Amino acid sequence: MARLQAPRGTEDLLPERIPALDFVFETCREVFGRYGYREIRTPLFEETSLFVRSLGEVTDVVEKEMFTVARGETNVTFRPEGTAPVVRAYLEHNLDKVRAFQKFFYMGPMFRFERPQAGRSRQFHQVGVEALGSASPLLDAEVILLAHRCFQALGLANYRVHLNTIGDAADRERFRAVLKAYFTPLMAQRCADCQQRLQRNVFRMLDCKVAGCQPSNRAAPHFLDHVSAATRARFDQSVAILAGLDVPHAVDPAIVRGFDYYTHTVFEVRCHDLGARDTVCGGGRYDGLIEDLGGPALGAVGFAIGVTPTLLALEKQGHPAMRPAERGVPILVAPVGAADREAAFLLTERLRAAGLAADTDYEDKSLKAIFKAADKRGVRLVVMLGGDERARGAVKVKDLQSGAEVELPDDAALAAGLRSRLAPAAP
RNA sequence: GUGGCAUUAGCUCAGUUGGUUAGAGCACCAGACUGUGACUCUGGGGGUCGCCGGUUCAAGUCCGGUAUGCCACCCCA
């Protein structure tokens, strides 16, 4: 029989790995809370049409990366991103009528049917925020700032925010025409992919990495030179705020983003210590989406941090929280002989009932082996229970850090005594 | 979806121009005088060489397919 294995592009997060993940989740949760964002949890799957309508019919995600399940009348898709579900929930519960402006954050798994690679899998975790109901440029700055604060709090180094504006629909329509007019006579020197892009998504031609396409890209018209004065002003304001707050950033005309719903500010946070897949966070403004999904014409802006690439970057930078760690219990009750096993089990249970984290041996190990295991698991105190002690109604407690050993009466005060011995624990 | 590289004990890897019982380090287990860890020493268990098929007297070593991972694309967190 073939060996059982997790489906392609998925992974098991073993216990040693969980602390690293929680470090990212909890750090971000704390930062989001400080900025007034509240957690929202939406289903892992949605009706397929939600993503088709929001992301756009011709985007890669919709065309070839959706995990879709059809059962009779229903057609659902495992969420490939978090924004559309949040907007859907916001509208479904009429939150726009209760209080139009609301800030949310979410953390959880997303799914895309892609070819796996390091930092890119078919099930991955994202931590994101969505500020719905306002078109204020201050919010564009706040959201970017928030991403920056998260990475700062995580202790990530060598990252930078790349941002750009893609204006509103009118700006883009105007520029699309300008770009097509510019590229059309130059198509002979463009690569095969760009031949598709001319019709499909001209903007992406500017981001082409093929060497032969570089000359015509360098001379290409700049979007910022063709946007309305209002678009230009709001973008400049956001950039100025970030500059004033020392957020490492760069205006990058190549940032275009893959989903149709984006407008105005779009950005990515990139970490230089990663390879070609260096984006650890992506986001932007999506002023048309709420209306597209049947709500009022309200602005919104958000981002998603990719937990996997973030962990990868922190690992490469040797972040201490990335070290595989076992969250062991601090107390291990060791039966000295076979006759002491049940008593040891019951003592362990009393300690747990008293609120202490404790464990005992279940493998009939020798005392020596129990000590070895205790040492490896980072146990602080070993509570020995043997014939001699039991005869005296006592237990022997050894502090593995100091090596000191004391005998304590096995009475109601034992738990408190152990607790006080744990208190001055070193990190 | 495209192109390339990889796949040998739990982990990281050796394995010579295809040739007898496939190795190392770490990890694991057990010992080193009588109820005790971390250091040291000794010993031990553990591998259908990813899987299927082919070439050959003989394949971990060559060829094909397949699975998975990785790298670069597409695109993206």
Side-chain angles (χ1 to χ4, degrees), chain A residues 1-11 14 16 24 55 58-65 79-83 107-128 147 191-194 196-197 200-201 204 207-210 255-259 268-271 274-283 302-313 324 332 334-340 363 365-390 396-403 405:
Chain A
M1 193 175 131
R3 259 182 74 140
L4 252 34
Q5 52 185 282
R8 182 169 201 196
T10 66
E11 63 174 341
L14 301 178
E16 296 70 36
V24 173
L55 304 181
V58 297
T59 53
D60 270 52
V61 167
V62 168
E63 282 184 339
K64 54 182 199 189
E65 295 174 3
R79 61 183 189 191
E81 57 99 49
T83 302
M107 21 190 67
M110 304 292 165
F111 308 82
R112 285 184 206 174
F113 197 85
E114 286 190 282
R115 182 132 167 193
Q117 211 174 305
R120 167 208 273 182
S121 43
R122 292 182 172 181
Q123 177 178 337
F124 53 95
H125 280 84
Q126 279 189 351
V127 166
C191 69
D193 285 328
C194 284
Q196 303 294 317
R197 290 179 178 130
R200 199 165 178 256
N201 191 344
R204 223 164 255 298
D207 192 25
C208 189
K209 292 168 189 76
V210 175
I255 303 288
V256 286
R257 310 290 309 155
F259 304 146
E268 289 178 10
V269 179
R270 295 186 185 165
C271 179
L274 294 173
R277 256 209 56 73
D278 60 352
T279 304
V280 291
C281 172
F303 69 70
I305 290 174
V307 176
T308 316
T310 299
L311 288 172
L312 217 56
L332 190 66
V336 171
D340 307 310
E363 296 173 286
K365 284 186 173 173
S366 66
L367 187 63
K368 186 193 189 76
I370 292 174
F371 265 87
K372 275 190 182 177
D375 186 53
K376 278 191 191 87
R377 289 166 56 186
V379 167
R380 178 74 190 281
L381 301 175
V382 173
V383 178
M384 280 168 283
L385 194 60
D388 299 354
E389 291 82 12
R390 286 170 72 190
K396 206 172 271 180
V397 178
K398 180 162 183 176
D399 184 325
L400 293 193
Q401 229 166 64
S402 65
E405 205 170 298

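Note on naming: letters A, B, ... go to the chains in the order of the sequence lines (proteins, then strands), and numbering restarts at 1 for each one. Note that the structure is predicted; figures quoted are calculated from it, not measured.
- Among the heavy atoms of the strands, none lies under 4.0 Å from A:Thr83.
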Please list each protein N or O that sits under 3.5 Å from an N or O in nucleotides 39-46 of chain B, with the distance.
none

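- Checking B:rA77, B:rG37, B:rG69 against the side-chain heavy atoms of A:Arg120 singles out B:rA77 as nearest.
- Judged by a 6.0 Å distance limit and a 45° cone about the ring axis, A:Arg122 is not positioned over the six-membered ring of A:Phe111.
- Taking every heavy atom of both residues into account, A:Thr10 and A:Ala6 meet most closely at OG1-CB, 3.4 Å.
- An OP1 or OP2 oxygen of B:rG35 is reached within less than 4.0 angstrom by no side-chain nitrogen or oxygen of A:Lys396.
- Put simply, the side chain of A:Met384 reaches to within 4.5 Å of the side chain of A:Glu405, judged on heavy atoms.
- A 4.5 Å side-chain heavy-atom check between A:Leu332 and A:Phe371 finds every atom pair outside the cut-off.
- Here the separation of B:rU17 from B:rC63, taken at their P atoms, is 15 Å to the nearest Å.
- A:Val280 comes within 4.0 angstrom of the backbone, heavy atoms only, and of no base.
- One interatomic measurement links the two molecules: CG of A:Leu400 to C1' of B:rU36, which rounds to 9 Å at whole-angstrom precision.
- The side chain of A:Glu405 lies closest to B:rU36, out of B:rG37, B:rU36, B:rA77.
- A:Met107 is not listed as a side-chain neighbour of A:His125, based on a closest heavy-atom distance of 4.5 Å or more.
- With contacts defined as side-chain heavy-atom distances shorter than 4.5 Å, the pair A:Pro80/A:Met110 does not qualify.
- The separation between A:Arg270 atom CZ and B:rA77 atom C1' is 13 Å, rounded to whole Å.
- Atom name C1', nucleotides B:rC57 and B:rG46: the rounded distance is 32 Å, in whole Å.
- Here the separation of B:rA22 from B:rC29, taken at their P atoms, is 26 Å to the nearest Å.
- A:Met110 comes within 4.0 angstrom of no nucleic acid atom, judged by non-hydrogen atoms across all strands.
- In terms of position on RNA chain B, the residue among A:Arg8 and A:Phe371 whose nearest nucleotide sits closer to the 5' end is A:Phe371.
- A:Gly403 comes within contact range of at least one nucleobase, with a heavy-atom separation under 4.0 Å.
- Rounding to whole angstrom units, NZ of residue A:Lys365 and P of B:rC28 are separated by 10 Å.
- Contact annotation: A:Lys368 side-chain N/O to B:rA32 OP1/OP2 distance is not under 4.0 Å.
- Scanning all heavy atoms of the two residues, the minimum distance from A:Lys398 to A:Gly403 falls at CE-O, 3.8 Å.
- Spacing between atom CD of A:Glu16 and atom C1' of B:rC11 amounts to 12 Å, rounded to whole angstrom units.
- Judged by distance alone, with hydrogens and angles left aside, the side-chain atoms of A:Asp375 form no donor-acceptor pair with the main-chain N or O of A:Lys372 at under 3.5 Å.
- Contact annotation: A:Gln117 does not reach the phosphate of B:rG69 (side-chain N/O to OP1 or OP2, under 4.0 Å).
- Mapping A:Asp278 and A:Ala369 onto RNA chain B by nearest heavy atom places A:Ala369 at the nucleotide closer to the 5' end.
- Contact of A:Arg115 with B:rG69 (side chain to base): no donor-acceptor pair of N or O atoms is detected under 3.5 Å.
- Minimum heavy-atom separation, A:Leu381 to A:Val379: O-CG1, 3.3 Å.
- A:Arg277 has its CZ atom 13 Å from the P atom of B:rC74, to the nearest Å.
- Between A:Arg112 and B:rC75, a side-chain N or O to OP1/OP2 separation shorter than 4.0 Å is absent.
- In this structure, the CG atom of A:Leu385 is 16 Å from the P atom of B:rU36, given to the nearest Å.
- Taking the C1' atoms as reference points, B:rA27 lies 7 Å from B:rC11, given to the whole Å.
- Within 4.0 Å (heavy atoms only), A:Gly387 reaches no atom of the nucleic acid at all.
- When heavy atoms are screened at a 4.0 angstrom cut-off, A:Gly9 is found touching the sugar-phosphate backbone but no base atom.
- In the set B:rA67, B:rG37, B:rA77, B:rA67 carries the atom at the smallest distance from any side-chain atom of A:Gln5.
- Proximity of A:Pro309 to A:Arg120: side-chain heavy atoms (C-beta onward) are nowhere separated by under 4.5 Å.
- Nucleotides B:rG65 and B:rU55 have their C1' atoms positioned 15 Å apart, rounded to a whole Å.
- A:Ala374 comes within 4.0 angstrom of no nucleic acid atom, judged by non-hydrogen atoms across all strands.
- Scanning atom types as modelled, one donor and one acceptor separated by under 3.5 angstrom connect the side chain of A:Glu114 and the base of B:rA77.
- Put simply, CG on A:Leu312 is 12 Å from C1' on B:rC70, counting in whole angstrom units.
- A gap of 11 Å separates the C1' atoms of B:rA9 and B:rA24, to the nearest Å.
- The residue A:Glu363 sits apart from the nucleic acid: no heavy atom pair falls under 4.0 Å.
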Pairing annotation in dot-bracket form, given for RNA chain B with Watson-Crick or G-U pairs under 3.5 Å and | for cross-strand partners: (((((((..((((.....[...)))).(((((.......))))).....(((((..]....))))))))))))....

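- For A:Leu367, taking side-chain heavy atoms from C-beta onward, the closest of the listed nucleotides B:rU68, B:rC75, B:rG35 is B:rG35.
- Under the side-chain hydrogen bond (donor to acceptor under 3.5 Å, both in side chains) criterion, A:Ser121 pairs with no residue at all, not counting sequence neighbours.
- Distance noted for atom C1' between B:rG60 and B:rA6: 15 Å (whole Å).
- Here B:rG35 presents its C1' atom at 8 Å from CD of A:Glu389, a figure rounded to the nearest Å.
- Two residues are said to be in side-chain contact when any heavy atoms from C-beta on lie closer than 4.5 Å; A:Val383 and A:Glu389 fail this criterion.
- In this structure the side chain of A:Pro335 reaches within 4.5 angstrom of the side chain of A:Ile370, judged on heavy atoms.
- Taking atom P in both B:rC13 and B:rA59, one finds a spacing of 28 Å when rounded to whole Å.
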